[in-house]
Undergrad: 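Attaching a single structure in structure tokens format; questions to follow.
Chain letters run A, B, ... following the sequence lines, proteins first and then strands; every chain starts at 1.
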Amino acid sequence: MNGAADEASRSNFIRDIIDEHNRTGRFGGRVHTRFPPEPNGYLHIGHAKAILLNMSIAEAYGGKMNLRFDDTNPVKEEQEYVDGIIHDMRWLGADWEDRLFFASDYFDQLYAWAVQLIKDGKAYVDHLSGDEIREYRGTLTEPGKDSPYRNRSVEENLKLFEQMRNGEFKEGECVLRAKIDMASPNLNLRDPVMYRIRFATHHRTGDKWCIYPMYDWAHGQSDSIEGITHSLCSLEYEDHRPLYDWYLDQLGIYHPQQIEFARLNLNHTVMSKRKLIKLVQEGHVRGWDDPRMPTITGMRRRGYTPEAIRLFCDMIGVAKSNSTVDIAMLEYCVRQDLNKRAPRRMGVLRPLKVVLTNYPEGQTEQLNAINNPEDPDAGTRTVPFSRTLYIEQDDFMENPAPKYYRLAPGREVRLRYGYFIKCEDVVKDAQGNIVELRCTYDPATRGGEAPDGRKVKATIHWVSAGHAKAAEVRLYDHLFSVPNPGEDEGVDFIEQLNPNSMQIITNAFVEPSLAEVKPGERFQFERVGYFCVDPDTTPEKRVFNRTVGLKDEWAKIQKQQGA
RNA sequence: UGGGGAGUCGCCAAGUGGUAAGGCAGCAGACUUUGGAUCUGCGAAUCGGGGGUUCGAAUCCCUCCUCCCCAGCCA
């Protein structure tokens, strides 16, 4: 279907590595990936890249993918997020069959392994305070120094660790640390913390535990338990890999391969969880599912399809260099997908009244319209036509600019699926605003063809004033007005929000076939864009979200003329 | 200044010693009852710079530069 997508999914450095593993038989030809979200927020398009990558890799090699929640920090994680993540992943088309796991499923095993490390003299209970641990860690250029508690006996460590588990210490009083190397140039290896004390209720294990494993201590072993072959993660974990490997090696258990790739960045938006949470909590957007958000739930509400997101992820590929993808590519992908499947309808966003002076009063006729020229199976529908219509304000210009070939005084255009009409008169109010157009129609051009063969330069959309349904339309633009929010020194990304990222039009009109629409339904309003019915829709009020506009040649010309 | 990564068209990204894919964006044109879609054409004097090896290098070696990540009892 798309050469670039095929090409991208055919070749990338991860596949090269897997091919090599298959060649040497490292995993016996097996490929098993996993997506390991922390349930502390909603999924965004960057996560979709990771999910789809894990899915496509597994699929390409006849393997499987697990879903495992990395729920090792009860103070940040909530059930609401696990539910949301599962929902979004299913929507994206992910299938983990019965392999839904939680790192918390492995807390007992992890505890037992910690005891094993202590017995091997590879871990110790440290009573240094948080501040002290930081001081002892050294800096990027200076080695750290050993904790005074580093050489406690195995017996003492065993006893202390059990006391930690039993809640005999306060939060922050002590931690369990791996005994590796306080002088390692890799700070992750300077006796990393394995367990910390948290008297917090966990969303799954409740109050069973008061000690919780750190990410590094939980992640690799969780992969190992699940028999993961290729543990894909983002670049910032590259220097955690030696630790990932160290734990597995010390424990002597099955050893997956961690592979890091660059996370997705998109311009004109933000992707960090911290920033997204801030947008939600401070009310800069209407919630996680605000159609302007790069979250999966937001994009779904906006009208994106899983197919469009999949196409996008195939197109951008995967590599190790930090990059920022132009959001235009995402928009291209939705258009590409929606063009083939979205039924066409007519909707007028900014109505301008048109009266056909030679059309009989009170007459109505049904005109035939094609539902989707890209899809013959979509069939046809009828749309009512009458003496009074609404057209788009943009489709009329009293003093037409060069290259503008829509309606103007004395000029003739075609009404889509209707007749040719000619503007005879312009009616203005006291302030000089154009409030109505008086036009004539040519009865011989019904359906849009002139028997005498004359041509018109433009075809415009319309609705019959007496039949049209009122609608609210929400137009969205980039959430941020700058390409890379938060990149500038000393400028808060909040200040770079696009003040016009949402424009609400309350007096739009749509053709009557749209009278009863259901949230989630998608349409193309001809010549305008793709729209998705918002959940705010009620039987009395239709609300449409603009997913993305159509490419607009005239807008481009205007821009050139303006400059 | 320690360690780990990355630098190929405006933006992604192939290429792994044989003489620079593709996509997005842009520009030009064809077609068109959506100025949509589709189709065609155009576009890389430095493959970060400089040396070197080689008949031949984006691909190998040396060196320099730039950018990203790491000093949470976050993930």
Undergrad: Starting at the 5' end of RNA chain B and moving along, which residue's nearest nucleotide shows up first, A/Asp552 or A/Glu171?
TA: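 On the 5' side of the pair lies A/Asp552.
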
Undergrad: Classify the nucleic acid contact of A/Tyr212 as base, sugar-phosphate or nothing, counting any heavy atom under 4.0 Å across all strands shown.
TA: nothing

Undergrad: What parts of residues 183-201 of chain A reach RNA chain B, counting only heavy atoms under 4.0 Å away?
TA: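 Nucleic-acid contacts, sorted: A/Pro185, A/Leu187, A/Val193, A/Arg196, A/Arg198.
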
Undergrad: Please walk me through it: do A/Thr139 and A/Glu142 pass side-chain hydrogen bond (donor to acceptor under 3.5 Å, both in side chains)?
TA: CA-CA 5 Å; A/Thr139 69; A/Glu142 302 162 276; 3.1 Å; yes

Undergrad: Would you measure the distance from the P atom in B/U59 across to the matching atom in B/G48 and give it in whole Å?
TA: 8 Å

Undergrad: Select base, sugar-phosphate, or nothing to describe what A/Arg134 touches, counting heavy atoms under 4.0 Å on all strands.
TA: sugar-phosphate

Undergrad: Quick one: A/His219 NE2 to B/G72 P, roughly how many Å, whole number?
TA: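 Spelled out: NE2 on A/His219 to P on B/G72 is 21 Å.
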
Undergrad: Using the ring of A/Tyr124 (Phe, Tyr or Trp, six-membered ring only), decide whether A/Arg177 places NZ or CZ under 6.0 Å from its centre and within 45 degrees of its axis.
TA: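 That pair does not qualify as a cation-pi contact.
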
Undergrad: Between B/G4, B/C73, B/G36, which nucleotide has the shortest distance from any of its atoms to the side chain of A/Val175?
TA: B/C73

Undergrad: Is it the case that the side chain of A/Lys49 and the backbone of A/Ala262 share a donor-acceptor pair, with hydrogens and angles ignored and the cut-off at 3.5 Å?
TA: yes

Undergrad: Quick one: is A/Gln336 getting a side-chain N or O under 4.0 Å of the B/U38 phosphate, OP1 or OP2?
TA: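 For B/U38, OP1/OP2 do have a side-chain N/O of A/Gln336 under 4.0 Å.
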
Undergrad: I want to know whether A/Tyr390 and A/Trp462 have ring centres closer than 6.0 Å.
TA: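 They do not qualify: ring centres at least 6.0 Å apart.
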
Undergrad: Within the 4.0 Å heavy-atom criterion, would you say A/Ile557 contacts the bases, only the backbone, or no part of the nucleic acid?
TA: base

Undergrad: Are any side-chain N or O atoms of A/Asn54 and backbone N or O atoms of A/Ala50, one a donor and one an acceptor, separated by less than 3.5 Å?
TA: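 Yes, A/Asn54 side chain to A/Ala50 backbone: donor-acceptor pair under 3.5 Å.
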
Undergrad: In this structure, how many angstroms lie between the C1' atom of B/U59 and the CZ atom of A/Phe13, rounded?
TA: 18 Å

Undergrad: From CG of A/Leu338 over to C1' of B/U34, roughly how many Å is that when rounded to an integer?
TA: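 Nearest whole value for this atom pair: 15 Å.
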
Undergrad: What is the nucleic acid contact for A/Pro373, judged by heavy atoms within less than 4.0 Å: base, sugar-phosphate only, or nothing?
TA: base

Undergrad: Is A/Lys422 positioned over the aromatic face of A/Tyr441, cation under 6.0 angstrom from the ring centre and no more than 45 degrees off axis?
TA: no

Undergrad: Among the nucleotides B/G5, B/C69, B/G2, which one has an atom lying closest to any side-chain atom of A/Leu140?
TA: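 Nearest to the side chain of A/Leu140 among the choices is B/G2.
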
Undergrad: Quickly work out the A/Tyr530 OH to B/U34 P distance and round it to whole Å.
TA: 13 Å

Undergrad: Using the C1' atoms only, state how far B/C68 lies from B/C61, rounded to an integer number of Å.
TA: 26 Å

Undergrad: Quick one: does A/Arg345's side chain have a donor or acceptor within less than 3.5 Å of a partner on A/Phe525's backbone?
TA: no

Undergrad: Restricting to ring pair (Phe, Tyr, Trp, His ring centres under 6.0 Å), what partner residues turn up for A/Phe261, sequence neighbours left out?
TA: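 For A/Phe261, no residue satisfies ring pair (Phe, Tyr, Trp, His ring centres under 6.0 Å) once neighbours in sequence are set aside.
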
Undergrad: I'd like to know whether A/Asn372 forms a side-chain hydrogen bond (donor to acceptor under 3.5 Å, both in side chains) with A/Glu374, so could you lay out the CA-CA distance, the side-chain angles of the two residues, the decisive distance to 0.1 Å, and finally the verdict.
TA: CA-CA 5 Å; A/Asn372 187 348; A/Glu374 301 291 321; over 6 Å; no

Undergrad: Suppose we screen for ring pair (Phe, Tyr, Trp, His ring centres under 6.0 Å). Which residues come up paired with A/His203, at least two apart in sequence or across chains?
TA: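 Listed in chain order: nothing, the list is empty.
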
Undergrad: Find out whether A/Ile277 and A/Arg274 are in side-chain contact, i.e. whether some heavy atom of one side chain is under 4.5 Å from a heavy atom of the other.
TA: no

Undergrad: Give the nucleotide from the list B/C12, B/A75, B/G3 with an atom nearest to the side chain of A/Thr324.
TA: B/C12

Undergrad: Atom NE2 of A/His240 to atom P of B/G4: distance rounded to whole Å?
TA: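 Nearest whole value for this atom pair: 15 Å.
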
Undergrad: Categorize A/Gln524 for me: base, sugar-phosphate, or nothing, with a 4.0 angstrom heavy-atom threshold over every strand shown.
TA: base

Undergrad: Roughly, in whole Å, what's the span from CG in A/Asn12 to P in B/G15?
TA: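 Rounded to the whole Å, the gap is 9 Å.
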
Undergrad: Please give the distance between the C1' atoms of B/C31 and B/A37 as a whole number of Å.
TA: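 Result for the C1' pair: 11 Å, nearest Å.
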
Undergrad: Is the phosphate of B/U32 approached by A/Thr459 (side-chain N or O, under 4.0 Å from OP1 or OP2)?
TA: no

Undergrad: Considering only B/C74, B/A6, B/G36, which nucleotide approaches the side chain of A/Asn339 most closely?
TA: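 Closest nucleotide among those given: B/G36.
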
Undergrad: Name the nucleic acid region contacted by A/Glu374, choosing base, sugar-phosphate or nothing; use a 4.0 angstrom heavy-atom cut-off, strictly under.
TA: base

Undergrad: So which one's nearest nucleotide on RNA chain B is more toward 5', A/Arg414 or A/Leu550?
TA: A/Arg414

Undergrad: How does RNA chain B look in dot-bracket form if you count Watson-Crick and G-U pairs under 3.5 Å, write [ ] for pairs that cross, and put | where a base pairs with another strand?
TA: .(((((((.[[[..)..(...]]].(((((.......))))).....[[[[[..)....]]]]])))))).....

Undergrad: Any side-chain to backbone donor/acceptor pair from A/Ser222 onto A/Ala103? Under 3.5 Å, distance only.
TA: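 It does not hold such a pair.
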
Undergrad: For a quick check of understanding: with a heavy-atom distance under 4.0 Å over all strands, which category does A/Glu331 fall into, base, sugar-phosphate or nothing?
TA: nothing

Undergrad: Taking any heavy-atom pair under 4.0 Å as a contact, classify A/Leu128: base, sugar-phosphate, or nothing.
TA: base

Undergrad: Mind calculating the distance between CD (A/Glu236) and P (B/C67) to the nearest angstrom?
TA: 20 Å

Undergrad: Could you work out, with side-chain contact (heavy atoms from CB on, under 4.5 Å) as the rule, every residue matching A/Ala114, not counting sequence neighbours?
TA: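 For A/Ala114 the side-chain contact (heavy atoms from CB on, under 4.5 Å) partners, ignoring immediate neighbours, are A/Phe161, A/Leu176, A/Met194, A/Tyr195, A/Trp217.
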
Undergrad: With rounding to whole Å, what would you report as the distance between B/U16 and B/A58 at their P atoms?
TA: 12 Å

Undergrad: Within 45° of the six-membered ring axis of A/Tyr212 and under 6.0 Å from that ring's centre, is NZ or CZ of A/Arg196 located there?
TA: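 Output no; distance or angle outside limits.
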
Undergrad: Would you classify A/Asp16 as touching base, sugar-phosphate or nothing, given that sugar-phosphate means primed atoms plus P, OP1 and OP2, and contacts are heavy atoms under 4.0 Å?
TA: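 Here A/Asp16 touches the bases of the nucleic acid.
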
Undergrad: What is the glycosidic conformation of B/G72: syn, defined as within 90° of 0, or anti?
TA: syn

Undergrad: Find the distance A/Arg263:CZ to B/A75:P and express it as a whole number of Å.
TA: 15 Å

Undergrad: OP1 or OP2 of B/C73 versus the side-chain N and O atoms of A/Arg137: is any pair under 4.0 Å?
TA: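 Answer yes for this pair, as a side-chain N or O of A/Arg137 is under 4.0 Å from OP1 or OP2.
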
Undergrad: Do side-chain atoms of A/Tyr404 reach the backbone of A/Trp554 as a donor and acceptor pair under 3.5 angstrom?
TA: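 Judged by distance alone, no pair lies under 3.5 Å.
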
Undergrad: Closer than 4.0 Å, any side-chain N/O of A/Thr72 to the OP1 or OP2 of B/A75?
TA: yes

Undergrad: When the P atoms of B/G5 and B/C9 are considered, how many whole Å apart are they?
TA: 23 Å

Undergrad: With a 4.0 Å cutoff (strictly under), does any side-chain N or O of A/Ser321 reach OP1 or OP2 of B/G5?
TA: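 So the side chain of A/Ser321 is outside the cut-off, no N or O lying under 4.0 Å from OP1 or OP2 of B/G5.
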
Undergrad: Protein-nucleotides 25-29 of chain B N/O pairs closer than 3.5 Å?
TA:
unit_1, atom_1, unit_2, atom_2, d
B/C27, OP1, A/Gln560, NE2, 3.2
B/C27, OP2, A/Lys556, NZ, 3.3

